[in-house]
Amino acid sequence: MLVYPSGIDLSSRTLQHLSGLLAGHRRQIGSRWRRLTCGRQAVLVLAHLRCGDTYARLAAGFRVGIATVHRYIREAVDLLAALAPTLDQAIATVRKKAYVILDGTVLPIDRIAADRPYYSGKKKHHGMNVQVLADPAGRLIWASDALPGAVHDLTAARTHGIPAALAADDVKCWPDKAYQDAGPAVRVPFRGKNLRGWRRRHNRDHAKIRSLGERASATLKCWRLLRKLRCSTTRITAVVRAVVALELAA
């Protein structure tokens with residue numbers, strides 16, 4: 001296999017954060033000599049998450065075995081996932097904001113047509129449903145656990161306890177029409193195509209506010225691995241949490 005140098009569109013701060021986390025973990029478990037230093041392992045993991053490089057390509061580029069690549073990535077992802085904020089921590093953060101924006105996104109996965117629970121009728125492809133909270137400027141605050149793509153956004157939000165948590169702390173939320181009847185804290189636009197007067201103006205103003213929340217979902221998908229996930233569905237939540245932890249640390 002041919003090998004060539006490449007780049008990762010991330011800052012050195014992100015690399016230093018992850019390598020420091022790995023160094024602390026190695027000291028804690030008393031790890032001895034490894035094929036890659038903490039810095040090189042961090043680069044390998046970031047190349048996988050940010051660029052979507054496969055295990056085989058990484059193994060060739062870093063001159064290690066595929067099993068070693070798998071072990072290094074799983075170790076780093078689990079460490080990062082543990083640092084991702086919980087919903088309670090996210091609510092404590094948004095309590096200081098004027099409001100929060102809620103949006104749902106479906107991350108594409110590699111599944112066959114028979115896997116109906118993962119098929120999103122809205123997106124017309126197989127995926128995993130992830131709920132995202134963003135601040136008024138559209139910056140990512142929190143991402144939920146991944147549920148099968150067939151789960152509706154409102155059902156997913158209730159499963160994660162988002163409407164109840166927002167109502168308990170009296171945090172106003174601006175989502176799209178999919179979250180009708182989610183609760184008093186969730187402000188949705190009016191339904192219908194031929195709205196007039198103040199209802200039409202309300203929907204237009206609502207759309208201007210809510211559209212900023214799509215930046216948070218786009219931020220997740222800047223990590224190319226999340227554009228087409230080929231790992232086990234049981235690992236997707238950890239991957240999403242790891243990406244959130246890296247975004248918040250940057």
Side-chain angles (χ1 to χ4, degrees), residues 1-26 28-29 31 33-85 105-111 118 125-130 132 140 142-147 149 216-250:
M1 182 179 292
L2 297 175
V3 179
Y4 67 96
S6 184
I8 307 173
D9 56 338
L10 292 171
S11 67
S12 58
R13 180 179 177 181
T14 302
L15 175 62
Q16 292 167 1
H17 172 73
L18 180 53
S19 60
L21 184 65
L22 291 170
H25 175 68
R26 290 188 184 186
Q28 182 180 2
I29 64 175
S31 179
W33 178 87
R34 293 195 184 188
R35 289 291 302 274
L36 298 183
T37 64
C38 295
R40 293 287 287 168
Q41 181 182 355
V43 172
L44 183 150
V45 173
L46 293 176
H48 177 66
L49 295 176
R50 189 70 173 187
C51 305
D53 289 343
T54 63
Y55 290 174
R57 292 177 62 182
L58 293 170
F62 286 84
R63 301 183 183 279
V64 294
I66 293 179
T68 301
V69 172
H70 176 270
R71 185 170 63 253
Y72 279 173
I73 290 175
R74 189 182 184 96
E75 178 183 53
V77 165
D78 288 342
L79 288 173
L80 289 167
L83 300 179
T105 185
V106 178
L107 303 176
I109 61 174
D110 185 16
R111 285 295 180 271
Y118 297 100
H125 62 69
H126 292 80
M128 298 294 284
N129 184 303
V130 175
V132 178
L140 178 66
W142 174 82
S144 71
D145 293 351
L147 296 176
S217 298
T219 297
L220 285 180
K221 293 181 180 179
C222 284
W223 298 78
R224 294 173 186 82
L225 183 67
L226 298 183
R227 297 180 188 176
K228 187 67 172 181
L229 287 153
R230 294 178 173 83
C231 61
S232 169
T233 55
T234 60
R235 291 292 301 166
I236 293 177
T237 292
V239 172
V240 172
R241 287 179 177 176
V243 168
V244 172
L246 287 170
E247 279 291 337
L248 297 180

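Note: hydrogens, waters and symmetry copies are ignored here, and every other heavy atom, side chains too, is used. Predicted model only: the values in this text are computed from it and were never measured.
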side-chain contact (heavy atoms from CB on, under 4.5 Å), that's the test. Do C222 and R50 meet it? Break it down for me. CA-CA 7 Å; C222 284; R50 189 70 173 187; 3.9 Å; yes
CG (L10) and CG (L15) are apart, to the nearest 0.5 Å, by 9.0 Å
Drop me the distance from R13's CZ to L246's CG, to the nearest 0.5 angstrom. 12.0 Å
Got a donor-acceptor contact below 3.5 angstrom from the H48 side chain to the D53 backbone? yes
Are the aromatic rings of Y118 and H126 close, with centres under 6.0 Å apart? no
A84 and A245 have their tightest heavy-atom pair at N-CB, 4.1 Å
Heavy atoms of V45 and I73 approach each other most closely as CG2-CA, 4.1 Å
Which of R57, R35, R40 passes side chain to side chain contact (heavy atoms under 4.5 Å, CB included) with F62? Answer is R40
Answer with yes or no whether the side chains of R26 and Q41 bring together a donor and an acceptor at under 3.5 Å. yes
With a 4.5 Å limit on heavy-atom distance, are the side chains of M128 and T233 in contact? yes
R241 and E247 ion-paired at < 4.0 Å: no
Is S144 reaching over with its side chain to a backbone N or O of V130, donor-acceptor style, under 3.5 angstrom? no
Compare every heavy atom of V3 with every heavy atom of G61, then report the nearest pair and how far apart it is. CA-CG1, 3.8 Å
Which heavy-atom pair separates V244 from L220 by the least distance, and what is that distance? CG2-CD2, 4.1 Å
Nearest-0.5 Å distance, SG of residue C231 to CD1 of residue I109: 9.0 Å
Indicate yes or no: at least one non-hydrogen side-chain atom of H70 is less than 4.5 angstrom from one of I66. no
Enter the distance from D78:CG to L83:CG here, rounded to the nearest 0.5 Å. 11.0 Å
Smallest separation among heavy atoms of T237 and A146, with atom names: OG1-N, 3.0 Å
When you measure from the side chain of R230 to the backbone of D110, do you find a donor-acceptor pair of N or O atoms at a distance under 3.5 Å? no
Distance-only, no hydrogens or angles: does the T68 side chain make a donor-acceptor pair with backbone N or O of V64 under 3.5 Å? no
Gap separating the OG1 atom of T105 from the CG atom of N129, nearest 0.5 angstrom: 8.0 Å
Rounding to 0.5 Å, atoms CG (L79) and CG (L21) come to a distance of 5.0 Å
Check: Y72 and L58 side chains under 4.5 Å, non-hydrogen atoms: no
On a heavy-atom basis, the closest approach of Y55 and V69 is CD2-CG1, 3.8 Å
Option from V239, V240, V243 for which side chain to side chain contact (heavy atoms under 4.5 Å, CB included) with L225 holds: V239
Could you check whether any side-chain N or O of R227 sits under 3.5 Å from a backbone N or O of K221, counting only pairs where one atom can act as donor and the other as acceptor? yes
